[in-house]
Amino acid sequence: MIEKMKKFTFLLTHREYEGFLGQIQELGVVHVEELQQGATSQELQQSMDLVSRYQAVLQKLDSAAKTYMPDEKAQAASPFTVPNELLAHVEALQAEENKLLHDMDSTRKNIARLEPWGEFSMPAIRRIEEAANLRVHFFRCGNKAFRQEWATEYFAIPVNEFEKSTFFLTFSDGCPDISAEQIFLPQEPLSHYQQLLKQQQGRLDAVRQEYLQINDRQHALLDEGLADARNEVSLSHVHLCHEDVAGNALRLMIGWVRADSTAPLVDYLEQAHIFYEMENPAFEDDVPVQITNNSYSRLFEPILKMYSLPNYNDLDPTTFFAPFFMLFFGLCMGDGGYGLLILLIGLYLAFKGSADMKAYGRLAAWLGGTTIICGLATGTVFGVDISQLEWSFIQPLKPYFLNDNGVGPIFGYSPMMVISVIIGLVQVLLGMILKGCKAVKNYGWPYAVGTFSWVAALVAAIVLYGLPFCGVALPQAFQYVLLGIIALSSVGIFLYNDPASYKRPVLGLLGNIGSGAWATYGMATGLLGDLLSYIRLFALGLTGGVLGGVFNSLAMDMTSSMPLVARIPVMVIILLAGHGITFALSMISAFVHPMRLTFVEFFKNADFEGGGKAYDPFRNLKIKK
């Protein structure tokens with residue numbers, strides 16, 4: 001349901017302005033309309049930057065809590081009382097951590113370069129160079145590439161063999177011309193860098209322990225700072241939502257309030273003697289939207305928002321498409337075993353998941369339960385056609401399975417194909433009814449006559465011709481009644497599909513007849529195309545069951561010649577891999593195609609426009625406990 005809104009127009013002096021903003025922020029019921037589209041300010045940018053900084057720091061602390069283990073012996077961190085000071089401190093810790101990681105990487109490289117040479121003093125090497133009046137050079141080559149003539153010509157001395165390489169040094173006046181890699185070593189000894197790495201690691205551990213302490217003891221202070229920063233963003237944004245009038249002497253603001261929440265705002269405006277005007281929204285107003293549904297329909301609101309929020313003149317379709325989406329999902333999955341898995345996962349998330357995941361868990365439980373029912377109705381459980389099993393308790397149920405082995409073909413077609421088309425017809429007719437209701441809501445009853453006439457004509461034609469085709473005999477009088485309904489509906493279709501055009505009677509009549517003929521052509525072609533789209537429900541459910549059965553056959557046939565001890569694990573691997581692939585593909589199809597049927601066929605026939613913007617009142621953001 002779309003909540004009713006009231007439009008408020010405020011006229012404020014500069015003296016009243018700041019106090020007014022503070023009060024409506026405290027009330028938290030006014031969605032302020034932007035009168036300066038795209039405007040920005042330095043204060044707004046600074047507030048948004050501050051929000052980004054808080055979010056980055058909180059994300060870092062959450063990551064640290066999941067990554068590092070607390071040390072009870074760690075030194076306690078100094079407490080902070082000002083959020084921005086704590087923010088700056090954590091950012092300084094991040095900068096120090098990044099520098100430590102960079103320095104440690106450099107230290108490890110120096111250790112790796114020095115390890116093959118062992119512990120020695122570079123100043124001692126320099127003293128040897130001065131005493132012998134020769135230069136010492138360090139080299140590395142493959143073990144088989146070392147040449148003994150280098151020892152004769154350059155006094156080459158092997159020091160170590162490490163990782164298939166020979167490390168050696170030479171003594172010569174200049175750099176030896178040999179086929180080996182020259183190595184330039186750091187000036188400090190190996191022990192120095194090893195000790196330095198320990199110190200750096202110790203400081204890094206201390207920084208990370210401080211992350212954990214801040215996350216454990218002062219996370220709420222950062223949450224408070226983030227809430228304050230977001231409030232500043234809202235305030236800075238609202239400062240850009242007024243319009244100066246009367247030579248900049250007054251400020252004009254427009255706001256939207258839920259019709260059931262206007263009382264506290266009106267009381268404040270009256271007491272403060274602020275000029276305001278409250279009115280119902282005009283049809284052309286861009287009204288913010290808040291939808292309210294029961295606990296079941298609310299689970300499907302994220303699916304609606306993937307398309308768009310309804311605009312204020314739409315009907316909220318959530319309650320109407322929710323049961324169809326659930327049914328479509330079950331038919332596309334088409335396997336009771338997969339439904340059981342979805343149900344169990346959903347129940348786990350609903351009871352054990354985080355607060356954000358509980359709603360998705362409940363949705364998954366509904367979808368899983370529907371999939372179980374659809375899978376059992378069509379006789380498929382983990383790719384097994386249970387309608388062909390010879391189990392005693394299944395025998396009485398075999399005639400009722402909705403497949404070729406149970407109910408059998410309907411009009412020469414698979415029963416699920418026929419049922420899919422019937423379900424599509426029901427949803428399309430429901431969409432047309434909603435289209436008519438929307439016309440009544442926005443324009444009045446006369447503008448819904450054409451749409452409701454189509455619904456009446458289609459239902460009457462289906463009963464008149466469909467039931468006898470199915471073997472149901474209709475009384476002659478009832479047939480005349482149905483023909484009368486079709487004839488009366490034709491009057492609405494051809495003579496009253498556009499009441500506004502009758503402002504010019506002759507042209508209006510001709511225009512209505514032409515529009516009715518065009519609508520008839522569109523209905524004849526469009527309705528058929530829409531109904532055929534619903535066959536995908538049958539096709540996808542059948543595909544998933546067949547694919548699961550193929551993997552069952554592979555697991556049995558490919559292992560038939562193996563010993564039992566080896567056969568069982570191989571079968572398990574094939575079944576898990578095969579059904580894992582089938583389950584994943586079926587899940588994708590079971591979300592994508594029901595959404596397609598909802599967003600295209602149903603929304604088109606329901607004349608759902610979307611494009612609504614969410615009702616977001618200017619308010620003080622509270623810290624989530």
Side-chain angles (χ1 to χ4, degrees), residues 2-52 54 83-84 224-292 309 311-313 611-623:
I2 298 176
E3 294 292 343
K4 296 293 184 182
M5 293 286 171
K6 292 290 185 179
K7 181 179 181 180
F8 279 78
T9 303
F10 310 102
L11 202 58
L12 307 154
T13 65
H14 289 278
R15 181 173 57 83
E16 297 170 328
Y17 182 67
E18 293 297 336
F20 170 77
L21 292 184
Q23 187 60 40
I24 65 170
Q25 185 176 26
E26 188 65 31
L27 290 173
V29 296
V30 182
H31 176 107
V32 181
E33 184 172 308
E34 292 185 44
L35 298 181
Q36 303 178 41
Q37 294 290 336
T40 187
S41 67
Q42 184 177 359
E43 291 78 9
L44 177 59
Q45 292 299 324
Q46 289 175 346
S47 298
M48 292 173 65
D49 289 343
L50 186 59
V51 168
S52 298
Y54 271 108
N84 283 355
E224 178 186 338
L226 176 59
D228 291 342
R230 284 176 170 164
N231 287 333
E232 285 298 319
V233 169
S234 298
L235 183 60
S236 299
H237 184 75
V238 169
H239 273 298
L240 301 172
C241 293
H242 70 272
E243 192 174 275
D244 292 323
V245 296
N248 296 332
L250 298 174
R251 293 182 175 181
L252 175 70
M253 293 185 69
I254 295 176
W256 300 94
V257 182
R258 279 181 49 163
D260 56 1
S261 303
T262 58
L265 176 63
V266 171
D267 290 344
Y268 159 68
L269 295 173
E270 294 289 348
Q271 293 173 8
H273 303 290
I274 292 174
F275 177 82
Y276 73 95
E277 184 179 54
M278 181 175 67
E279 57 186 331
N280 291 321
F283 182 80
E284 63 275 7
D285 283 334
D286 186 13
V287 186
V289 172
Q290 184 175 52
I291 55 178
T292 303
L309 276 174
N311 64 51
Y312 191 69
N313 298 316
K613 61 181 180 182
Y615 171 69
D616 184 18
F618 176 47
R619 62 192 184 280
N620 278 316
L621 298 177
K622 305 297 183 181
I623 302 173

Do side-chain atoms of [X] reach the backbone of [Y] as a donor and acceptor pair under 3.5 angstrom?
X      : Y      : answer
Tyr615 : Met5   : no
Asn311 : Asn313 : yes
Arg15  : Thr13  : no

Just jot down the salt bridge (charged side-chain N to carboxylate O under 4.0 Å, His left out) partners of Asp49, sequence neighbours excluded, or say none. none
Can you list everything that forms a salt bridge (charged side-chain N to carboxylate O under 4.0 Å, His left out) with Lys613? Sequence neighbours excluded, please. Asp286
Distance-only donor-acceptor pairs under 3.5 Å for side chains of residues 269-282, two or more places apart:
unit_1: Glu270; atom_1: OE2; unit_2: Tyr276; atom_2: OH; d: 2.7
unit_1: Asn280; atom_1: OD1; unit_2: Lys6; atom_2: NZ; d: 2.5

What distance separates Lys4 NZ from Tyr312 OH, expressed to the nearest 0.5 Å? 5.0 Å
Inter-residue atom distance His31.NE2 - Arg619.CZ, 0.5 Å rounding: 11.0 Å
Taking all non-hydrogen atoms of both residues into account, name the closest pair between Gly225 and Pro83 and its distance. CA-CB, 3.7 Å
So, for Pro288 and Ala614, which heavy atoms are closest and what is the spacing to 0.1 Å? CB-O, 4.0 Å
Mind checking what makes side chain to side chain contact (heavy atoms under 4.5 Å, CB included) contact with Ser47, not counting sequence neighbours? Glu232, Val233, Ser236
Leu50 versus Asn84: any side-chain heavy-atom pair under 4.5 Å? yes
Residue pair Leu12 / Leu250, side-chain heavy-atom distance below 4.5 Å: no
Contacts of Phe618 meeting ring pair (Phe, Tyr, Trp, His ring centres under 6.0 Å) (sequence neighbours excluded), chain-then-number -> none
Indicate every side-chain donor-acceptor pair of residues 252-265 with a distance under 3.5 Å to a residue at least two apart or in another chain.
unit_1: Trp256; atom_1: NE1; unit_2: Glu33; atom_2: OE1; d: 2.8
unit_1: Arg258; atom_1: NE; unit_2: Asp260; atom_2: OD1; d: 3.1
unit_1: Arg258; atom_1: NH1; unit_2: Gln290; atom_2: OE1; d: 2.7
unit_1: Arg258; atom_1: NH2; unit_2: Asp260; atom_2: OD2; d: 2.7

